[in-house]
Structure formats: C-alpha cells, structure tokens
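Here the structure is laid out as structure tokens; the discussion comes afterwards.
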Amino acid sequence: MNKKVAIVTLGCPKNQVDSEIMTGHIGEKYQVVGEPEQADIIIINTCTFIESAKAESIDTILEMAQYKERGQCKTLMATGCLAQRYGDELLAEIPELDGVMGTGNISEILETIEEAEKTKVRRISAEAPAFIYDEAMPRVRLSPKQYAYVKVAEGCDNFCTYCIIPQVRGHFRSRKQESIINEVKAMAQEGVKEVLLIAQDTTRYGKDLYGEYRLPSLIKEIAEIEGIEWIRLMYCYPELFTDELIQVMKETPKVCRYLDLPLQHAHNKVLREMNRRGTVEEAEELILKLRRELPDIRLRTTMITGFPGETDEEFKAILDFAQRVRFDRLGAFAYSQEESTPAAKREDQIPEDIREQRRDELMKLQLDIAYEQQQRWVGQTLKVLVEEELPDGRWAGRSEGDAPEIDGLVYIHSPIPLEIGKFVQVKVTEADSYDLMGEVFQ
C-alpha cells in the first residue's frame, strides 16, 4: 500500500498554488490525505512574509513534529518561503525535521521525499529561484470546485525596502500566455466558474516575456472561454494600471467589478523610502478614474503602519487618505522588521506597540467606512456564487465584490435548496461592515 502524505499550507494563495503542484506530483507515487494525523509523511509549506507568518510557520512545524512522537508520521519536511530563507537554521534547530526544500525546487518534491525518508536532506538551489509551473504539470486543486487561483507570474523585481519576497521567490517571470489559457480551459471543463489571476505584481504580467504588458489581452482571451463567468484581478500595482486595462474591464462583463490595489502607504516621503513607485496623487487619480468608469467597482487595499521613521503626521496621512478615498475593503499590517532588508537596517525603528496601536486605529476607522460603503448594496439584486449550506438553514456565497477567504460573504435565505457552485440572484436586505444578507430573488 502506498505511503500517505499530508501537505499543510500556510500563507497566501500563491503558496496554495505551489501546494497544488506538489500534490499533483506526490499523487503519482503516494496517497495524499487531508489529515496530518493519518500521514506517514507530513510537508509544511511555509510563509515568511512578516514576523507573525514566520512564527505561525515555526509553530506549525513544531505542532506537526508531535505526530512523529505519538502518530504514524515517520518523515517531516518543510518547503516554501521560510524553508528557502532559513533552511539551514530549521534543520539545525528542529531535530524532528528530515528535510527542507526551497521555492525553486517544487518540481523535485518526489526526489526530496525519497531522500528525506533515508537521511536529512537540504534541497535549496544556491541561485535565485527560477521555477515556474505550466499547464502540463500535474496539479490537484485544493480550493472548492467553483473557483481556482491561476498564477500568471512568479517572483518580483520591485524590491520594496521592507520586503523579502524577491530574495525567496526570485526575479519576476511571466508564464506564457498560451500556457495560462490552456490551463483555464481545462479548469472550465472541470466546472470552475471563477478564476483569480494572481502574481506578486499581476499588472506587470508579460513585460519580461513579450516586451509589453499583456494583462489586457490575457483577460480578453480568458473571457472567451466557455464556462468561466468571473475573472478576478488580485495584487494589481497602481502605477502600471493603464487606461487600456480599465477599458478592457469596462468592456468585459466577466471581469469582476473588484480590484486589489496594494498601496502600502499614503505619504509620498514614506512611499519613496519604501521604494514604492508612483505617488499618492497618482493613486488617488486612478481610483477616481476607476470609479468614474466602473461605478459599481469595489476596491481593496493594504497599508503598513509604523514603517521606520514614520511620524505622527505621516501616519495621519493614511487616516486622511482612507477617510477621503473610502475603500470598500482595507487591510493593515503593523510594520515587520525583516532581516536582510534595507528598512530593517534603519536605526529609526518605531516601537512595536506604536506600530500596532496605529494599525488598530486605522482598522477602527475602516470598520465605520466599510459599514457605510456596504449600505449602498441594500435593496439591490446581486449575482452570487453559492458556496456553502449553513447549519441554520441559510446558505453562504460571494458576490463579485468578495474575494475568497479575505473578504465578506453573502448570507442567503432561500425557500428552496440551492446548488453549491451555481449562481443565484440575491436581493440584499441588510449589510454590516463585512457581510451582506439577502433573499433569493424570484
């Protein structure tokens, strides 16, 4: 009987795609199981984006290590960003670990498992990670059947001064457009209704490979695929968001009226120190243009509070910006001092309690803004993708304004059973800061 393997995935959807690729490879030789306590081999796909993500990754490795003592696990491995960055330290400090594998070695997962079953193994390329998947690779999707993440590029060349991603993911590299299209066609045949286009910087797609930004043409091709009803854009940098892209969104009904624009700050001095391109004024101009051309669009952003040297005035610029722009969704991170980054070497670090206090103040403000923004949907009828039947007899789904896992839900009252993975029209009767409530419109 084949040995059983469980993969525990931490971090972002980009990490989830990596786990799905590894699962596809592993399934060629081993039996993949969902519960670690049932596994002979456990793999933790780690994250190292910020300090809390590193802590979660290490805690999870230690938690899974217990199955070697009181379970059937014989081999324990760590992959992903934390392993790429701290592989040697993890092997040295966590004796239960049998192997570490970097982000550039995903296609070597079977060989790494085989080696780790015999002796401790470190499989991390000395060069910058260069792996990028294509549609021919085996992949087992771990998300619900109705939606799928499509990674259009890997790595990053932005080199924000607070971020370690270019070091653990390598240079920005786009997938071939035909590879993406072939993958989405196969997904459509499997019943996928929504594809989420992701990359470290999705708007940069194609520039390295074709000498031009190809996201608009990619969207138009995907929109032609029968069965795909929603195309969602994630992680779009504002300085590369062109008029052409806005026009394609406007002319393509399948593109969700939703955008994730990670701005990170709202003061030009801090943006320069972060090595972010573009200005606050340019970002605000883009937002005004998006809302003018796409009046029903919902906008998400992220902000970092307590960046080194951030003054009270510079933090207040974020509050003023949030109040003025009124994002539908806003997430905030207290600055995380990541070693080997330029920002971490600065001597003007903000005390951690102030970073967190500023984050909490911003999120408190956003809670009220989000509530007010949500009220505009009350009384309207929205197209909703049904995702879950709840114990209380209601159903839960998402509108095109809600990305999976990070945004809210639509709670649905229906006189008849609904089908998971299908669309229904829902008349919104109530809204809070995160979620909508409504009834099936008949």
Side-chain angles (χ1 to χ4, degrees), residues 5-12 14-23 25-26 30 36 39-69 73-133 151 154-156 159 162-173 200 336-341 344-345:
V5 180
I7 297 183
V8 180
T9 304
L10 305 172
C12 66
K14 297 179 283 291
N15 239 26
Q16 179 177 316
V17 173
D18 292 346
S19 287
E20 293 173 349
I21 299 298
M22 288 191 285
T23 300
H25 282 86
I26 290 167
Y30 299 92
D40 305 294
I41 301 159
I42 300 175
I43 300 167
I44 303 98
N45 189 4
T46 61
C47 178
T48 188
F49 177 56
I50 55 177
E51 191 62 39
S52 59
K54 287 191 287 186
E56 182 187 17
S57 292
I58 292 169
D59 288 346
T60 303
I61 293 171
L62 295 175
E63 179 187 348
M64 294 300 113
Q66 296 178 27
Y67 290 117
K68 291 189 76 173
E69 299 176 7
C73 177
K74 299 293 187 293
T75 304
L76 184 69
M77 292 173 49
T79 66
C81 293
L82 189 75
Q84 172 72 32
R85 189 179 180 191
Y86 296 113
D88 292 334
E89 292 91 334
L90 290 174
L91 280 178
E93 295 178 18
I94 304 178
E96 295 89 347
L97 264 184
D98 300 295
V100 293
M101 190 184 79
T103 59
N105 304 81
I106 289 173
S107 60
E108 303 165 23
I109 183 65
L110 285 177
E111 298 92 324
T112 310
I113 291 174
E114 290 170 2
E115 289 180 35
E117 287 187 285
K118 300 170 186 173
T119 183
K120 285 188 179 289
V121 59
R122 178 193 185 280
R123 191 182 285 261
I124 300 173
S125 301
E127 303 82 21
F131 170 81
I132 186 164
Y133 83 98
K151 197 187 292 192
E154 182 60 272
C156 187
F159 294 99
Y162 54 82
C163 185
I164 201 69
I165 294 301
Q167 296 182 40
V168 297
R169 288 285 179 177
H171 288 292
F172 185 87
R173 48 203 188 275
Q200 215 54 53
S336 179
Q337 190 175 357
E338 296 302 310
E339 64 176 295
S340 303
T341 62
K345 298 171 185 175

key: F131 versus E154, closest heavy-atom pair with distance   = O-CG, 3.8 Å
ask   = When rounded to the nearest 0.5 angstrom, what distance separates CD1 in I132 from CZ in F172?
value = 8.5 Å
query = Between OG of S125 and CE of M101, what distance do you get to the nearest 0.5 Å?
reply = 10.0 Å
Any residue meeting side chain to side chain contact (heavy atoms under 4.5 Å, CB included) with S52, in chain and number order, not counting sequence neighbours = I50
note = Sorted by chain and residue number, the side chain to side chain donor-acceptor pair (under 3.5 Å) partners of D18 (sequence neighbours excluded) come out as K151, R169
request  = Could I get the full list of side chain to side chain donor-acceptor pair (under 3.5 Å) partners for E51, not counting sequence neighbours?
outcome  = K54
query = What pairs with S340 under side chain to side chain contact (heavy atoms under 4.5 Å, CB included), at least two apart in sequence or on another chain?
reply = I164, Q167
query = How about I58 and L82: do any of their side-chain heavy atoms sit closer than 4.5 Å?
reply = yes
ask   = Who pairs with Q200 by side chain to side chain donor-acceptor pair (under 3.5 Å), at least two apart in sequence or on another chain?
value = none
task = Work out which heavy atom in V8 is nearest to a heavy atom in P36; give both atom names and the distance.
result = CG2-CG, 4.0 Å
key: Counterpart residues, side chain to side chain contact (heavy atoms under 4.5 Å, CB included), relative to E108 (two or more places apart)   = N105, E111, T112, R123
For residues 73-81, dump all side-chain donor-acceptor pairs below 3.5 Å to protein atoms at least two apart in sequence or in another chain.
unit_1, atom_1, unit_2, atom_2, d
K74, NZ, Q72, O, 3.3
T79, OG1, N45, OD1, 3.4

note = Heavy atoms of G11 and C47 approach each other most closely as CA-CB, 3.8 Å
query = If you measure from CG on N15 to CG on L10, what distance do you get to the nearest 0.5 Å?
reply = 7.5 Å
Please output the side-chain donor-acceptor pairs of residues 84-91 that fall under 3.5 Å, not counting sequence neighbours, one pair per line with the distance.
unit_1, atom_1, unit_2, atom_2, d
Q84, OE1, T103, N, 3.0
R85, NH1, T48, OG1, 3.4
R85, NH1, E338, OE1, 3.0
R85, NH2, E339, O, 2.6
Y86, OH, E339, OE2, 2.8
D88, OD1, R122, NE, 2.5

key: Pair T46-T60, side chain to side chain contact (heavy atoms under 4.5 Å, CB included): steps then yes or no   = CA-CA 9 Å; T46 61; T60 303; over 6 Å; no
Which atom of R173 lies closest to which atom of H171, heavy atoms considered = NH1-O, 2.7 Å
task = Determine the minimum heavy-atom distance between A83 and I124, stating which atoms define it.
result = O-CD1, 3.1 Å
message = Please enumerate all residues that pass side chain to side chain contact (heavy atoms under 4.5 Å, CB included) together with A128, with sequence neighbours excluded.
response = none
Gap between atom CE of M64 and atom CD1 of I94 - 0.5 Å precision = 12.5 Å
query = Rounded to the nearest 0.5 Å, what separation is found between the CD atom of Q16 and the CD1 atom of I21?
reply = 11.0 Å
query = Are any non-hydrogen side-chain atoms of I26 and I41 less than 4.5 angstrom apart?
reply = no
I165 CD1 to K14 NZ distance, which is reported to the nearest 0.5 Å = 7.5 Å
request  = Could you name each residue pair satisfying salt bridge (charged side-chain N to carboxylate O under 4.0 Å, His left out) that touches residues 96-106, not counting sequence neighbours?
outcome  = K68-D98
request  = Taking side chain to side chain donor-acceptor pair (under 3.5 Å) as the test, write out the residues that go with Y30, two or more places apart.
outcome  = E117
